[in-house]
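The structure appears below as structure tokens.
Lettering follows sequence order; numbering is per chain, from 1.
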Amino acid sequence: MRVSQMLLPTVKEEPAGAEAVSHKLMVRAGLVRQLAAGVYIYLPAGWRVMQKIAAIIRQEMDGIGCQELLMPVINPAELWEESGRYTEIGDELFRFKDRKGTPMVLAMTHEECITWVAAREIRSYKQLPQLWYHIQTKERDEARPKSGILRTREFIMKDSYSLDVSDEALQESYRKHIAAYDRIYRRCGLRFLMVQSDPGMMGGRTAHEYMAPSEAGEDDVVVCRGCGYAANIELAVARPQPLEALPVGAPGAAGEAAAASTDTTARVTLPAATAPAAERLQVVHTPGTRTIAQVTAFLGLPAQRLIKSLIVVTEQAAVKPAATARGAAGASAGTGTASGAPGAALGEEPRPAAWMVLVRGDHELQESKLRKLIGDFRMATADEVLALQAAPAGFVGPVRRAGGDGEGAVVEVTGLPILADEALRDGVYVGGANLEDHHLVGIVPADWGAPAGESVITEPLCAGPGEPVAAAWVDVRRVQDGDRCLECDAPVEIERVIEVGNIFQLGTKYSIPMGATYLDEDGKEQPIVMGSYGIGLARIAAAAVEQHHDDDGIIWPVSIAPWQVELVCVRPADDAQRALAERLYDELRAVGLEVLYDDRAVSAGIKFKDADLLGCPLQVVVGKKAADGIVELKERAGAAGVAALAGVPAGPGTRSELPATEVVAVAGARVAELLSALS
RNA sequence: CGGGGUGUGGCUCAGCUUGGUAGAGCGCUCGGUUCGGGACCGAGAGGUCGGCGGUUCAAAUCCGCCCACCCCGACCA
């Protein structure tokens, strides 16, 4: 392709409002243009990248026996009503009516469609397993498109589906996909991780996501370098940093003495956990300290000695099918002081439930974990907190002393059901006193929590009226950098990543409601067991740019570069240069290389800048020494870029001279080398 | 959906506070000089200042409504 004749609108200035490196570079390099929020046009060079990614995906999917078909973007809404997603999914689903008034949708994935096909065409176990895929546009009315091509409302996705006779059989389809995905991402030159992911409340048990580390990502994953544990932060588990021993303070103090950092005078002393509650609990005056930071500073205690008491309300308790309240009965066997059904405090029917959720002061609530336990929820408003707890937000806590801070007052646990993060199993803490401007010192969660040793509740909890959960240990904390791996005890790290693919074991979520069944060997009708597997093509492109670029522009992995070689003729007006460049253009293509030929009559600087921006792996420069038969070969990656491309051996330096008679062979060999390094 | 911001030539932006002839750089066209890392000189083309309404003798500028886009959050098979 000749640059002089093609649409390759490179731009010197960064697009306004672009944040992500990939967004800036892809626009500047003339690969894409934005048409509307989250809607992009792929210009010729950008589309070549997409086609190359698609080709790799096709090869690998075909390689595991997955058959390509094509399903439409326009679906009758009826189909989505059958699966239940027509009502389950909100505004994200594009809906419209055709001229006859029939409700239609724009497909955001194709489970419904594939299940429709399966329901009609699959009859016998003899036809299974099947693996089907297509590469098709998806439409999602994203609330917030962002980061250029990373999160768009219309995007191209490879989605495949497996149909199996059983769960066991599904495992094999799943394994095949893992093998194919590993090869796809590797061939595309991405650094990537496969992590455990949340199958969601949508059904399905096992799910994994493929993640490409990048600052531009929107997800965080927890990875352990020791044993390879890797999971999305939404469900990741790890052992928290232990409580630091507090230096012994006041003589006569039975337990640990309070002391924070070296230059702060502790105002309180933490009593021994074994002391009787009535003696141990002490109300302290903490004026104006509503946040953990304020309390920490005021009391001179480290944040990890505080309890964060969050009050949340679930509003859809009545709508969601109430999961069994298993665990509830056992959990109420604490000190027995808890009382009151959730929702009772708020009163009336469509029973909204309110909970008090406790996490250690230096920890954060991982909302996705809590959501799995109690369903959708939100933080209570200040007014609701006051109504539920009879105390202002900022000073609520799990325990109160009846009658305020009077001596010898009786200890009570809040009326709300408590979900306490298991990091609070040990230790003595400070929490809100349920009294404005006061905190309570000496709280021992083990006292009123589930009995020590009780296993952590991981099943959904949903206490209906009359089914109170008094207190339970749960895992609702967000894993932090430096926490210890549960498997091998090595410190874990948190990495920002771009989700470039996912694999799900769907099970029968779609096949049952949509009637996709087969007859087994005994002639009995069985639901087909399904899996679903996605890859976002544009995200691979964007992640590749994020991972492989420098100040001058993109450094494409050869496998997905728009062209393998860019041939630059420095001065086309010079007959010798022009003639040699033309000849090399033909010769390079003749040996099967993909060549972009910059034959423009513009200054050399423009061509060099553009070549670096666009990022083809090799550059052949025909310049001054053309008459002597000498040209230059440059590897775009240079030494540093090469190192970033995992496993690719360093090539020639930035630019080296060689006879024109050799450059075709050398370039061909180098491209082959780069390609094989990625296979 | 909540909060914040921005809409001015193809692109990146200034001008708006304090109303009075619409600007710069880049890009584009023509001529000339240059010619290996986004050249230089000269001459040009190109804008209903996001839209509608209001205030005013007069609105890019002030006011109201709407739209679009961007950022933070919520949301996210």
> Between A:Ala16 and A:Met108, which has a closest nucleotide on RNA chain B that is more 5'?
Replying inline: A:Ala16

>> Could you tell me how far apart A:Asp91 (CG) and B:A77 (C1') are, to the nearest whole angstrom?
In response: 16 Å

> What is the base-pairing partner of B:U56, counting Watson-Crick and G-U wobble geometry with both distances under 3.5 Å?
Replying inline: none

>> If the cut-off is 4.0 Å, is A:Arg371 near the phosphate of B:C75, judged by side-chain N/O to OP1 or OP2?
In response: yes

> For the pair made of CZ in A:Arg153 and C1' in B:C76, what is the distance, rounded to whole Å?
Replying inline: 14 Å

>> Could you walk me through whether A:Met108 and A:Leu93 satisfy the side-chain contact (heavy atoms from CB on, under 4.5 Å) test, starting with their C-alpha distance in whole Å, then the side-chain angles of each, then the deciding distance to 0.1 Å, before giving a yes or no?
In response: CA-CA 7 Å; A:Met108 38 200 299; A:Leu93 182 63; 3.7 Å; yes

> What's the NZ-P distance between A:Lys24 and B:C71, to the nearest Å?
Replying inline: 11 Å

> Taking A:His177 as the fixed residue, which of A:Tyr133, A:Tyr210, A:Tyr533 is the one that meets the ring-ring contact (aromatic ring centres under 6.0 Å, His included) rule?
Replying inline: A:Tyr533

>> Taking any heavy-atom pair under 4.0 Å as a contact, classify A:Asp610: base, sugar-phosphate, or nothing.
In response: base

> Cation over ring, A:Arg95 on A:Tyr86, under 6.0 Å and within 45°?
Replying inline: yes

> Regarding A:Asp159 and A:His134, is there a side-chain donor-to-acceptor distance under 3.5 Å anywhere?
Replying inline: yes

>> Both distances below 3.5 Å, Watson-Crick or wobble geometry, any strand: find the nucleotide opposite B:U17.
In response: none

> How long is the line joining NZ of A:Lys607 and P of B:A39, in whole Å?
Replying inline: 12 Å

> Which part of the nucleic acid does A:Arg28 contact within heavy-atom distance under 4.0 Å: base, sugar-phosphate only, or nothing?
Replying inline: base

> For B:G42, what is the paired nucleotide under Watson-Crick or G-U wobble rules, both distances under 3.5 Å?
Replying inline: B:C30

> A:His208 has an atom NE2; how far is it from atom P of B:A77, in whole Å?
Replying inline: 17 Å

>> Between B:C16 and B:C76, how far apart are the two P atoms, rounded to whole Å?
In response: 44 Å

>> Please report the distance separating the P of B:G51 from the corresponding atom of B:U61, rounded so that it comes out in whole Å.
In response: 10 Å

> Is the number of heavy atoms from other residues, nucleotides or ligands within 6.0 Å of CE (A:Met104) greater than 12?
Replying inline: yes

>> In whole Å, measure the gap between the C1' atoms of B:C66 and B:G27 for me.
In response: 33 Å

>> Does the structure show a Watson-Crick or G-U wobble partner for B:G47, both distances under 3.5 Å? Name it, or say none.
In response: none

> Any side-chain N or O of A:Gln577 under 4.0 Å from OP1/OP2 of B:C35?
Replying inline: no

> What interatomic distance, in whole Å, is found between C1' of B:G50 and the corresponding atom of B:A68?
Replying inline: 7 Å

> What nucleotide, of B:C70, B:G38, B:A77, holds the atom closest to the side chain of A:Arg85?
Replying inline: B:A77

>> Heavy atoms from C-beta onward define the side chain here; which of B:G36, B:G38, B:C75 lies closest to that of A:Lys609?
In response: B:G38

> In whole Å, what separates the P atom of B:G2 from that of B:U17?
Replying inline: 30 Å

> When you measure from the side chain of A:Gln34, which nucleotide among B:G38, B:C69, B:C71 comes out closest?
Replying inline: B:C69

> Considering only the P atoms, how many Å lie between B:G15 and B:U56, rounded to the nearest integer?
Replying inline: 28 Å

>> I need the CG-C1' distance between A:Leu7 and B:G27, as an integer number of Å.
In response: 15 Å

> Given that both distances must come in under 3.5 Å, which nucleotide forms a Watson-Crick or G-U wobble pair with B:G2?
Replying inline: B:C72

>> Classify A:Lys624 by what it touches in the nucleic acid, base, sugar-phosphate, or nothing, heavy-atom distance under 4.0 Å.
In response: base

> Can you tell me how far P in B:C69 sits from the matching atom in B:C63, rounded to whole Å?
Replying inline: 24 Å

> Taking atom types as modelled and ignoring hydrogens, do the side chains of A:Asp164 and A:Gln171 form a donor-acceptor contact shorter than 3.5 angstrom?
Replying inline: no

>> Nearest to the side chain of A:Tyr510, heavy atoms from C-beta on, is which of B:G38, B:A77, B:C71?
In response: B:A77

>> Of the options B:C69, B:C75, B:C71, whose atoms approach the side-chain atoms of A:Ala143 most closely?
In response: B:C75

>> So A:Ala37, base contact, sugar-phosphate only, or nothing? Heavy-atom distance under 4.0 Å.
In response: sugar-phosphate

> Partner of B:G7 by Watson-Crick or G-U wobble geometry, both contacts under 3.5 Å, or none?
Replying inline: B:C67

> Atom CZ of A:Phe504 to atom P of B:C76: distance rounded to whole Å?
Replying inline: 13 Å

>> Need one value for A:Glu111: base, sugar-phosphate or nothing, where a base atom within 4.0 Å counts as base even if backbone is also close, heavy atoms only.
In response: base

> Between A:Glu14 and A:Gln619, which is nearer to the 5' end of RNA chain B once each is assigned its nearest nucleotide?
Replying inline: A:Glu14

> Among side-chain atoms of A:Tyr181 and A:Glu60, is any donor-acceptor pair under 3.5 angstrom?
Replying inline: no

>> Rounding to an integer number of angstrom, what distance separates B:C52 and B:A59 when you compare their C1' atoms?
In response: 15 Å

> How is A:Asp612 classified with respect to the nucleic acid when contacts are heavy atoms under 4.0 Å: base, sugar-phosphate, or nothing?
Replying inline: base

> Is any side-chain N or O of A:Glu13 under 3.5 Å from a base N or O of B:G38, one able to act as donor and the other as acceptor?
Replying inline: no

>> Distance criterion of 3.5 Å, no angle test: do you see the side chain of A:Glu632 paired donor-to-acceptor with the base of B:G36?
In response: yes

>> With a 4.0 Å limit, can you tell me whether A:Ser603 has a side-chain N or O closer than that to the phosphate oxygens OP1/OP2 of B:C35?
In response: no

>> Can you tell me if A:Glu78 has over 12 outside heavy atoms packed within less than 6.0 Å of its CD?
In response: no

> Any side-chain donor paired with an acceptor under 3.5 Å for A:Glu364 and A:Gln480?
Replying inline: no

>> Is there, by distance only and without an angle test, a donor paired with an acceptor across the side chain of A:Arg151 and the base of B:C75 below 3.5 Å?
In response: yes

>> What is the distance, to the nearest angstrom, from the NZ atom on A:Lys12 to the C1' atom on B:U12?
In response: 11 Å

> Choosing from B:G36, B:A77, B:G38, which nucleotide comes nearest the side chain of A:Val621?
Replying inline: B:G36

